[in-house]
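First up is the structure itself, then whatever we jot down about it.
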Amino acid sequence: MRVIGLISGTSVDGIDAVLVELQGRELDLRVQVLNFCTVPYPPELRQQILAVCAAEPLTMAAWSELDDAIATAFATAALTVQTGYPPAQLIGSHGQTVFHRPPTGDRLGHSVQLGRGELIAHRTGIPTVSNFRAQDIALGGQGAPLVPRVDWCLLGHPQEYRCIQNIGGIGNVAYLLPQQQDQSGNHVLGWDTGPGNVLLDLAVSYFSAGQQRYDADGHWARQGHVCKALVAQWLSHPFFSAPPPKSTGRELFGWLFWQQCLAQATALGLKPADVLATLTEFTARSIVQSYERFLPRQPDRVLLCGGGAHNGFLQERLRLHLGKIPVETTAVAGVPVDAKEAIAFAVLAYWQQLGIPGNVPQVTGAHHAVPLGQYWQSVQV
């Protein structure tokens, strides 16, 4: 089956679109990447999304317009990535997360992804699966992270214990036992590790007066000095000591958290490069500390993906704190770094059609595993 996978992550960098051909089911799953592209949001739309993520109120009419505008952008990305190829048979669209609230006590979680699947199906003429988090949440789960089962199929190793560490706006990890020990994927672990690039991107935008959106290769941060006292203070946040299952988003590690970081750094007289170095160290330490606290044993290898995998300084800090554990990217295992998350939602849509569960209960906290996503039939356009 030819499937398009679509996602825009917490950083709101743009829409990642991948066209893949899928065969097999789970451990025999084979993925051939036919094409990949990232389609930037129009600047005004990106600013609207960021404003909503920062809790700017909207009327219901404006909310509806924003939902449609995001769906239209996703449909455009889908049509772009399949240009020159036979039409895809299915789209799996994660959409754009604008709100995420984990469950607490008896209260179900709530997660909102804009870019409605029915409009994507209508605009493209391709059946679309969307709203992937809702069924897991309905079963008491976090609704995130949702890719560990896909990671187990595509990035597991017969003998190695592996951590697949995604560093998007928010970081999340999938811990994979050797496939010889876990042939069902029932022992996969995973959780959100905390901020990935989100605080760094906010800092870069602030210090560059909006001229830069990210710290390319960590070049700016590498010129600064890490304030260990601030890193320790930030790591004392209750999120980091809370055991999995757990998930987070901009609601916790977004604009308000960045404002606190900035105020604390300013009070200590830190220069912009020092702040960036300290935030980079914070991300690296939060990842490594979560491994030390919650993994049954340390991995034999860590494979990185997401935008943070291109940050050389962040990789250096991770290698420093992980010691002798090799840190590479998913590309060495045949899965492109930038396309991996989009591939995952293509696979989850494919599994939805086959009736194969996509979530992992011990990862999300859901009562049981289920196929994920809501299916929207298309019409010819």
Is R301 salt-bridged to E328, cutoff N-O under 4.0 Å? yes
Ionic contact status for R162 with D300, cut-off 4.0 Å: no
Of T330, D16, N166, D151, the residue whose pairing with K340 passes side chain to side chain donor-acceptor pair (under 3.5 Å): D151
Can a side-chain donor-acceptor contact be found between T248 and D192 if the only test is distance below 3.5 angstrom? no
How are the rings of Y41 and F74 set to each other: parallel, tilted or perpendicular (split at 30° and 60°)? tilted
Y214 atom OH: more than 12 heavy-atom contacts under 6.0 Å: no
Are the side chain of Q315 and the backbone of A309 linked by a donor-acceptor contact shorter than 3.5 Å? yes
Spacing of CZ belonging to F313 relative to CH2 belonging to W220, to within rounding of 0.5 Å: 14.0 Å
R222 and E316 ion-paired at < 4.0 Å: yes
Does F345 have its ring centroid less than 6.0 Å away from the ring centroid of Y350? no
Would you say N197's side chain and L200's backbone share a donor-acceptor pair under 3.5 angstrom? no
When you check the gap from the basic side-chain N to the acidic O, do E26 and R149 get nearer than 4.0 Å? yes
Is the distance between the ring centroids of H187 and Y175 under 6.0 Å? no
